[in-house]
Amino acid sequence: MGKYITSIVYAVAVILLAACGSPSSGTSGNGKWQSFSGDKRIEQRVDSVLKLMTLEEKIGQMTQFSANWSITGPVMSDDFQPYLEKGLIGSIFNATSVEGIRRMQQIAVEETRLGIPILFGQDVIHGYKTIFPIPLAEACSWDLEMMQRTAEIAAIEAASDGINWTFAPMVDIGRDARWGRVMEGAGEDPYLGSKVAEARVLGFQGGRDVNSLRELTTLLATGKHLAAYGAAESGRDYNTAELSEHTLRNVYLPPYRAAHEAGVGTFMASFNEINGVPATADQWLMTEVLRNEWGFKGFVVSDYTGVNELVPHGVAKDEKHAAELAVNAGIDMDMTGATFIKHLTESVKEGKVSEKSIDTAVRRILEMKFLLGLFDDPYRYLDEERAKQNTMTPEFMKTARKAVSSSVVLLKNDNQVLPVTKESGKTVALIGPLMNDSINLNGEWAGLGDRNKSVPILKGLTEKYEGSTVRLIYAEGASITETTPAKIAEAVAAARRADIVVAAMGEDFNWSGEAAVRTDIRLPEPQRELLRALKETGKPVVLVTLSGRPLDLSWEDETMDAILQAWFPGTQGGYGIADVIAGDYNPSGRLVMSFPRNVGQIPIYYNQKNTGRPVDLNNESVDYKSNYLDTSITPLYPFGYGLSYTTFEISNAQIDKKTLKTEDDKITVTANVRNAGEVDGEIVVQLYTRQLVASVTRPVKELKGFQKVALQAGKSKQVTFELASGDLAFYGIDMQKKTEPGNMKLWVAQHAADNSNEIDFWIE
């Protein structure tokens with residue numbers, strides 16, 4: 001029925017279009033419409049539908065509401081249902097299940113005047129039902145192919161359940177571990193962040209070809225949060241970001257632009273202001289930069305009630321004024337705030353918003369619906385049998401398990417305490433609040449993942465060592481926030497009967513994510529009390545930390561024998577971590593955020609500026625330098641750092657020429673990489689550069705390339721990087737991006753603090 005009605009509407013629209021001509025695209029504060037797809041047929045179809053629409057119906061397409069859900073299914077709030085029944089909703093957020101989505105789509109398509117289908121959006125951040133490691137963890141794998149694949153799987157599962165739009169990837173640069181949303185991003189580096197953004201967009205959308213959006217296994221992706229949400233002062237969510245334009249362009253904007261160049265269909269405005277202008281009202285950012293400078297042709301959605309929040313920000317006197325500011329800045333859809341649908345009709349009549357601006361926004365939204373095939377068949381995603389077949393399949397579980405093991409970072413391993421092989425014959429005490437926990441493993445933003453189905457570490461290790469010579473003893477010892485003398489005594493007794501202790505400690509999953517900011521990022525005191533008691537037994541203690549952010553592990557680094565940073569690993573967490581502990585997988589993860597020595601160092605990041613009084617790291621006690629009185633300026637663990645069960649060496653770094661021209665030139669960098677140990681493993685070889693003199697100050701190091709290389713024990717390989725002059729471009733004193741002449745250094749390194757294999761060259 002719905003398909004039939006939609007077809008009639010389209011046929012009538014074509015007749016009207018032929019008779020009256022296409023509506024003029026026009027130029028307005030929201031820009032002249034340029035098709036995202038470049039498909040003239042789709043452009044014509046978009047204009048044909050637009051021709052039929054009243055002003056109120058157009059504004060309805062720019063409106064998104066959030067569905068509320070009860071145990072038995074969807075429940076629409078009182079102010080939601082009337083808009084839906086009148087065809088005044090363009091998108092619904094948080095609707096789930098084939099049955100529930102079908103019900104809402106039927107109302108939109110079969111019971112409204114025009115029958116325009118609805119876009120259904122969801123926060124599919126690191127999985128839908130199969131939950132992968134949090135994005136920060138996955139980035140630590142430095143495996144772009146794997147990250148693209150996990151996004152593909154998330155899209156398959158979500159699309160099979162009726163979802164066609166995800167609010168991911170988050171591509172904000174994160175330099176402040178207090179900010180809970182670092183878990184959603186790829187860390188502190190703009191180069192790596194750009195590569196991850198590209199991989200995840202391609203994964204969600206099925207590639208660069210816009211026609212892939214018609215596939216039943218893809219999702220429309222969203223680059224978020226534009227812009228610099230991760231730069232919020234004090235790490236406090238929603239807070240102000242004070243940034244120079246140089247920092248904004250050189251550090252924070254590159255991953256958003258990479259998402260655009262990968263073909264992302266939508267962007268989301270950030271909650272924060274930048275230098276006094278909230279992003280949702282920032283015409284310079286949303287129109288001048290995003291559309292006019294970059295050429296983005298998709299549509300922009302506000303964040304959740306982001307338009308309404310222009311009032312408390314202090315730039316809008318009321319919500320009507322807020323709606324006008326937002327749409328004139330370039331916001332095409334209002335997420336859940338209802339400001340557009342309530343006020344923009346009046347604003348257009350008053351001349352405060354041009355109807356051409358409305359038309360441009362609606363065209364962008366309608367085009368995505370055509371590209372997704374919703375006008376041809378509004379129910380094309382809704383197949384319960386397909387949903388069952390494409391959920392948590394054995395292949396998805398295998399990928400999730402690999403994602404866990406490759407995301408774990410080995411931070412310390414004194415005396416090669418790890419791995420505990422199946423042939424070792426050791427007795428292992430398994431201790432800690434997160435050892436037999438499944439609820440926290442998925443972390444925040446866990447889609448529709450069933451937390452009860454996630455594999456605890458205890459289960460993973462029990463199955464791993466079943467039938468082997470290894471004997472396991474379990475005692476909880478503490479909850480995440482509490483312990484008792486009796487619980488500690490039980491854990492200590494288990495440790496004394498064992499040869500080695502493996503303690504799973506960390507955060508509650510609610511401690512990271514949105515509005516989850518911590519000023520104390522140490523393990524809670526009851527957990528440290530338990531660790532002290534375990535260490536006093538004299539047995540080697542392996543700490544497995546699960547968290548959504550870098551923690552202050554300075555005491556643990558001094559005290560524990562080994563530390564595995566396992567993040568929040570998702571559905572297959574216990575199995576993937578067990579693979580690493582038992583040595584069936586040699587850890588290959590490398591940090592994408594620096595770990596602080598204490599919270600007072602934050603924000604801390606490797607690509608800092610030198611200052612006029614730089615610190616000599618060999619003598620940090622010298623006065624009147626940019627240092628601390630009570631600790632080093634260096635991180636506890638630097639960006640790019642991670643250990644292995646083997647040892648790697650990088651040597652004989654060379655370049656094919658010493659001089660690089662500023663335009664259309666390149667140098668080739670080579671180095672020899674050797675696995676000097678006795679275990680097969682993988683190394684992330686990292687290329688860093690530094691420009692010593694420029695028109696503006698430059699970072700002490702910048703990542704410009706990386707390769708993840710697998711080597712058998714004792715084997716060597718030559719790695720090759722091509723470094724083009726354009727790779728060294730930056731926004732200089734004139735705010736133009738270009739490569740400047742000057743003296744340069746490069747390093748082929750194992751992490752950002754590795755200063756070996758240094759080479760000088762010049763740009764002329």
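These figures come from a predicted structure and were not determined experimentally.
Contact check for Val719 versus Val669: no side-chain heavy atoms found under the 4.5 Å cut-off. Side-chain contact between Ile521 and Ile602 is present, with heavy atoms from C-beta onward closer than 4.5 Å. The side-chain heavy atoms of Met735 and His246, taken from C-beta on, include a pair separated by under 4.5 Å. A heavy-atom distance below 4.5 Å is not found between the side chains of Thr218 and Phe204. Here the side chains of Phe648 and Ile650 are not in contact, with every heavy-atom distance at 4.5 Å or above. Proximity of Leu411 to Leu643: side-chain heavy atoms (C-beta onward) are nowhere separated by under 4.5 Å. Considering only heavy atoms from C-beta on, Tyr645 comes within 4.5 Å of Asn413 through its side chain. Contact of the Val544 side chain with the Gln565 side chain is not registered, since no non-hydrogen atoms from C-beta on lie closer than 4.5 Å.
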| task | Step by step, work out the side-chain hydrogen bond (donor to acceptor under 3.5 Å, both in side chains) result for Glu663 and Thr739. | result | CA-CA 7 Å; Glu663 295 183 8; Thr739 305; over 6 Å; no
| Where do Ser141 and Arg590 land on the side-chain hydrogen bond (donor to acceptor under 3.5 Å, both in side chains) test, with the steps shown first? | CA-CA 6 Å; Ser141 73; Arg590 301 294 186 266; over 6 Å; no
| request: Walk me through it: do Tyr256 and Trp294 pass the test ring pair (Phe, Tyr, Trp, His ring centres under 6.0 Å)? | output: CA-CA 10 Å; Tyr256 307 109; Trp294 296 359; 7.3 Å; no
| request: Show your working on side-chain hydrogen bond (donor to acceptor under 3.5 Å, both in side chains) between Gln654 and Asp656 and close with a plain yes or no. | output: CA-CA 7 Å; Gln654 298 181 8; Asp656 64 338; over 6 Å; no
| What do the steps show when you test Ser212 against Gln205 for side-chain hydrogen bond (donor to acceptor under 3.5 Å, both in side chains), and what is the final call? | CA-CA 7 Å; Ser212 64; Gln205 294 193 169; over 6 Å; no
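Arg401 and Asp579 are joined by a salt bridge, as a carboxylate oxygen and a charged side-chain nitrogen come within less than 4.0 angstrom of each other. Lys737 has no carboxylate O lying under 4.0 Å from a charged side-chain N of Glu293, or vice versa, which leaves the two without a salt bridge. Under 4.0 Å is where a charged nitrogen must lie from a carboxylate oxygen, and between Asp665 and Lys657 at least one such pair does. Look at Asp727 and Lys704 and you find no salt bridge, because none of the NZ, NE, NH1 or NH2 atoms lies under 4.0 Å from a carboxylate O. Salt bridge status for Arg175 with Glu188: absent, with no side-chain N to carboxylate O gap under 4.0 Å. Ion pair Glu764/Lys661 not flagged as a salt bridge, since none of the NZ, NE, NH1 or NH2 atoms sits closer than 4.0 Å to an Asp/Glu carboxylate oxygen. A salt bridge is defined here as a Lys NZ or Arg NE, NH1 or NH2 lying under 4.0 Å from an Asp or Glu carboxylate O, and Glu152 with Arg149 meets this definition. Under 4.0 Å is where a charged nitrogen must lie from a carboxylate oxygen, and between Lys464 and Asp584 at least one such pair does.
Panel note: side chain His126, backbone Ile131; no donor-acceptor pair is recorded below 3.5 Å. Formation of a donor-acceptor pair under 3.5 Å by the Ser407 side chain with backbone atoms of Ala137 is found in this model. In this structure a side-chain-to-backbone donor-acceptor pair under 3.5 Å is missing from Ser424 to Val420. Looking only at distances, no side-chain donor or acceptor of Asn415 sits under 3.5 Å from a matching main-chain atom of Val417. A donor-acceptor pair under 3.5 Å links the side-chain atoms of Thr150 to the main chain of Met147, judged by distance alone. A donor-acceptor contact shorter than 3.5 Å is absent between the side chain of Gln750 and the backbone of Val684. Within the 3.5 Å criterion, the main-chain N or O of Gly230 finds no donor-acceptor partner in the side chain of Asp172. At distances below 3.5 Å, at least one donor-acceptor pair connects side-chain atoms of Asp552 with backbone N or O atoms of Ser554. A distance-only check finds no donor-acceptor pair linking the side chain of Lys717 to the backbone of Asn672 [under 3.5 Å]. For Asp680 (side chain) and Ala713 (main-chain N/O), a donor-acceptor pair under 3.5 Å exists by modelled atom type.
Glu678 and Thr646 share no side-chain donor-acceptor pair at under 3.5 Å. Side-chain contact annotation: Asn755 with Lys701, donor-acceptor N/O pair under 3.5 Å present. For Thr634 and Ser632, the side-chain atoms include at least one donor-acceptor pair closer than 3.5 Å. Using modelled atom types, one finds a donor on one side chain and an acceptor on the other under 3.5 Å when comparing Ser695 with Glu740. Under the 3.5 Å distance criterion, with hydrogens and angles disregarded, no donor-acceptor pair is assigned to the side chains of Ser194 and Glu198.
In this structure, OG1 in Thr631 is found 5.5 Å from CZ in Arg597, a value given to the nearest 0.5 Å. How far OH of Tyr688 is from CG of Asn607: 9.0 Å, rounded to the nearest 0.5 Å.
Counting only residues at least two apart or on different chains, the ring-ring contact (aromatic ring centres under 6.0 Å, His included) pairs with a member in residues 744-764 are Tyr641-His751.
For the pair Pro419 and Ala582, the tightest heavy-atom approach, listed with the atom from each and the gap, is CB-C, 3.8 Å. Smallest separation of non-hydrogen atoms from Tyr731 and Asn250: N-OD1, 2.9 Å.
Just one of Arg200, Arg549, Lys224 meets the salt bridge (charged side-chain N to carboxylate O under 4.0 Å, His left out) condition when paired with Glu184; it is Lys224. In summary, of the residues considered (Leu703, Val196, Leu687), a side-chain contact (heavy atoms from CB on, under 4.5 Å) with Tyr191 occurs for Leu703 alone.
Partners of Phe267 under the ring pair (Phe, Tyr, Trp, His ring centres under 6.0 Å) rule, at least two apart in sequence or in another chain, are Phe296. Listed by chain and number, the residues in a ring pair (Phe, Tyr, Trp, His ring centres under 6.0 Å) with Phe639 are Trp142, Tyr606 (sequence neighbours excluded).
Under a cut-off of 6.0 angstrom, the local environment of NZ in Lys402 is sparse, with at most 12 non-hydrogen atoms contributed by other residues, nucleotides or ligands.
Relative to the six-membered ring of Tyr229, Arg181 misses at least one condition, a distance below 6.0 Å or an angle of at most 45° to the axis.
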